[in-house]
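Scroll down for the structure; my scribbles are underneath it.
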Amino acid sequence: MGQALWRLPPRQQQQLQEELADQLTESGGGKRDQGRDGGGSQRRAPQHCYSPDIYHLLKTRRGKEQHGFIDLEMLPPELGITILSYLNATDLCLAGCVWQDLGNDEYLWQGLCKSTWGHCSIYNKRLPAGFSYRRLYLQLDEGSLTFNANPQEGISYFMSKGILMDHPKELAKFIFYTRRLNWKMLRIYLDERRDVLDELVTLHNFSNQFLPNALRDFFRHIHAPEERGEYLETLITKFSHRFCTCNPGLVRDLGLSPDAVYVLCYSLILLSIDLTSPHVKNKMSKREFIRNTRRAAHNVSEDFVGHLYDNIYLIGHVAA
């Protein structure tokens with residue numbers, strides 16, 4: 001679609017190329033030769049072979065030199081959406097005042113909504129007459145800001161606008177596919193809504209992942225608390241069961257169990273703190289980690305525990 005917008009008819013391509021050659025002759029070669037020869041014979045300026053696509057952008061830029069930018073309406077829609085996706089709701093509205101066609105393009109606002117908030121209950125509903133994705137974007141932005149100040153009020157706002165359904169699975173999908181929610185507020189909300197936390201854990205797929213990498217992926221969506229406590233124990237317990245469910249072959253081959261994975265996760269967290277903290281001067285060695293871990297998890301092989309140590313040593317903290 002984007003490439004089709006950039007192509008021009010052959011006749012128009014030739015016309016644009018001739019115009020470019022004339023402009024280069026007048027502005028470049030004519031003035032330069034006149035200064036050298038005192039108004040004598042003029043040499044024809046070299047003609048640069050620009051493609052029609054590039055020339056079209058250059059012509060647009062010359063027409064808007066006083067503004068210092070290329071008109072977004074002259075770019076492919078995919079590129080325009082990418083550029084506008086870096087703006088917040090206020091700047092997007094201002095951009096819509098300048099580029100009215102883009103500002104009123106429902107497909108553009110639909111793409112911005114779904115690329116920022118990957119799942120909303122309203123996406124799967126029959127939309128009423130007069131529905132506007134631009135208005136939905138502003139409501140999603142407002143709701144996210146409200147959530148980052150007060151999680152309960154933010155979720156209530158989404159429900160009042162019909163954006164989300166009051167169902168744990170729908171709420172979990174919204175959280176999983178959204179990156180604009182403050183992780184501290186999200187931790188508070190999930191600690192209160194354990195039913196949503198359960199559904200959020202089931203959305204993770206840890207198949208064929210090495211244990212430390214799976215734990216990093218888990219804590220990337222569900223941030224670990226800063227201190228050890230009941231909530232951290234709950235997270236590791238849920239992760240351990242989910243990891244074993246996603247890797248039945250690995251569990252069978254290595255003799256793992258949810259309890260063994262639970263012990264390994266705690267060992268990885270403690271090792272991460274030990275190796276990355278500047279306050280710990282005497283770092284734990286690989287031999288010490290293997291010995292301490294196998295005391296609690298007898299069925300785990302020494303080689304496997306050694307690979308766990310290497311992963312933390314080379315990649316870093318599992319909950320960073």
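Quick note: numbers below take in every heavy atom, side chains included, and nothing from hydrogens, waters or symmetry partners.
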(message) If only side-chain N and O atoms count, and only distance matters, is there a donor-acceptor pair under 3.5 Å linking Arg216 with Asn311?
(response) yes
(message) Looking at Arg294 and Val300, would you say the former's side chain and the latter's main chain have a donor-acceptor pair under 3.5 Å?
(response) yes
(request) Mind listing the closest non-hydrogen atom pair of Tyr231 and Arg187 along with its distance? (result) CE2-CG, 3.5 Å
(request) Identify the residue among Ile315, Leu264, Leu268, Asp217 that makes a side chain to side chain contact (heavy atoms under 4.5 Å, CB included) with Pro212. (result) Leu268
(message) Just checking Trp117 against Tyr137, ring centres under 6.0 Å apart?
(response) yes
(request) Report yes or no: do Ile312 and Leu270 belong to one cluster of Ile/Leu/Val/Met/Phe/Trp/Tyr joined by side chain heavy-atom distances under 4.5 Å? (result) no
(request) Any chance you could measure Lys169, atom NZ, to Ser121, atom OG, to the nearest 0.5 Å? (result) 12.0 Å
(message) What I'd like to find out is whether the side chain of Val263 reaches to under 4.5 Å of the side chain of Asp259, using heavy atoms alone.
(response) no
(request) Can you see which heavy atom on Leu181 is nearest to which on Thr178, and at what distance? (result) CG-CG2, 3.9 Å
(message) Any non-hydrogen side-chain atom of Leu215 less than 4.5 Å from a side-chain atom of Phe243?
(response) no
(request) Report the distance from atom CG of Leu211 to atom CG of Leu256, rounding to the nearest 0.5 Å. (result) 8.0 Å
(request) Measure the spacing between CD1 of Ile222 and CG of Asp191 and express it to the nearest 0.5 Å. (result) 12.0 Å
(request) Write out all pairs satisfying ring pair (Phe, Tyr, Trp, His ring centres under 6.0 Å) with one or both partners inside residues 276-303, taking only residues at least two apart or from two chains. (result) Phe289-Tyr309
(request) Quick one: closest heavy-atom pair of Val196 and Ala172, and the distance? (result) O-CB, 3.8 Å
(request) Answer yes or no: are there more than 12 heavy-atom neighbours, outside Asn124 itself, under 6.0 Å from its atom CG? (result) yes
(message) According to a hydrophobic-cluster definition based on side-chain heavy atoms being under 4.5 Å apart (Ile, Leu, Val, Met, Phe, Trp, Tyr only), do Val280 and Leu314 belong together?
(response) no
(request) State, to 0.1 Å, how close Thr202 and Arg242 come at their nearest heavy-atom pair, and which atoms those are. (result) O-NH2, 3.0 Å
(message) With no hydrogens and no angle check, just 3.5 Å: does a side-chain donor-acceptor pair link Glu170 and His119?
(response) yes
(message) Would you compute the distance between atom OH of Tyr123 and atom SG of Cys113 and round it to the nearest 0.5 angstrom?
(response) 5.0 Å
Could you give the side-chain donor-acceptor pairs of residues 147-156 under 3.5 Å, partners two or more places apart or in another chain?
{"residue": "Asn148", "atom": "OD1", "partner": "Asn182", "partner atom": "N", "Å": "2.6"}
{"residue": "Asn148", "atom": "ND2", "partner": "Ser144", "partner atom": "O", "Å": "3.2"}
{"residue": "Asn148", "atom": "ND2", "partner": "Arg180", "partner atom": "O", "Å": "3.1"}
{"residue": "Asn150", "atom": "OD1", "partner": "Gln152", "partner atom": "N", "Å": "3.2"}
{"residue": "Asn150", "atom": "OD1", "partner": "Glu153", "partner atom": "N", "Å": "3.2"}
{"residue": "Gln152", "atom": "NE2", "partner": "Glu192", "partner atom": "OE1", "Å": "3.0"}
{"residue": "Ser156", "atom": "OG", "partner": "Gln152", "partner atom": "O", "Å": "2.9"}

(message) Are the side chains of Lys161 and Leu140 in contact, using a 4.5 Å heavy-atom criterion?
(response) no
(message) Would you say that more than 12 heavy atoms from the other residues, nucleotides or ligands in this model lie under 6.0 Å from the CE of Met165, or not?
(response) no
(message) Less than 4.5 Å apart, side chain to side chain, heavy atoms only: is that true for His307 and Phe210?
(response) yes
(message) For Phe239 and Phe206, I'd like to know if the aromatic rings sit close, meaning centre-to-centre distance below 6.0 Å.
(response) yes
(message) Please find the pair of heavy atoms, one from Cys246 and one from Asn205, that lie closest to each other, and give the distance.
(response) SG-OD1, 4.1 Å
(request) Please determine, by modelled atom types, if Thr237 and Glu233 share a side-chain donor-acceptor pair under 3.5 angstrom. (result) no
(request) Could you tell me the separation between the CG atom of Leu235 and the NE2 atom of His223, rounded to the nearest 0.5 Å? (result) 11.5 Å
(request) Mark yes when over 12 heavy atoms from residues, nucleotides or ligands other than Asn282 sit less than 6.0 Å from its CG; otherwise mark no. (result) no
(message) For residues Ile175 and Ile122: do they belong to one hydrophobic cluster (side chain heavy atoms under 4.5 Å, members Ile, Leu, Val, Met, Phe, Trp, Tyr)?
(response) yes
(request) Let me see the working for Phe174 and Phe176 under ring-ring contact (aromatic ring centres under 6.0 Å, His included), right down to the final yes or no. (result) CA-CA 6 Å; Phe174 173 77; Phe176 187 79; over 10 Å; no
(request) Please list all pairs passing the salt bridge (charged side-chain N to carboxylate O under 4.0 Å, His left out) test where one or both residues lie in residues 269-288, with sequence neighbours left out. (result) Lys286-Asp310
(message) Measuring from atom OH of Tyr313 to atom OG of Ser285, what distance do you get when rounded to the nearest 0.5 angstrom?
(response) 11.5 Å
(message) In this structure, would Met159 and Leu145 fall into the same cluster of hydrophobic residues linked by side-chain contacts under 4.5 Å?
(response) no
(message) What I'd like to find out is whether the side chain of Arg193 reaches to under 4.5 Å of the side chain of Leu197, using heavy atoms alone.
(response) no
(message) Quick one, His204 with Phe218, criterion ring-ring contact (aromatic ring centres under 6.0 Å, His included). Give me CA distance, side-chain angles, the key distance, then yes/no.
(response) CA-CA 7 Å; His204 289 81; Phe218 180 73; 5.5 Å; yes
(request) State, to 0.1 Å, how close Ala224 and Ala319 come at their nearest heavy-atom pair, and which atoms those are. (result) CB-CB, 4.2 Å
(request) Give a yes or no on whether Tyr177 and Trp183 share a hydrophobic cluster (residues Ile, Leu, Val, Met, Phe, Trp, Tyr; joining criterion: side-chain heavy atoms under 4.5 Å apart). (result) no
(message) Between Tyr266 and Leu232, is the side chain to side chain contact (heavy atoms under 4.5 Å, CB included) condition met? List the steps.
(response) CA-CA 10 Å; Tyr266 258 114; Leu232 178 60; 4.2 Å; yes
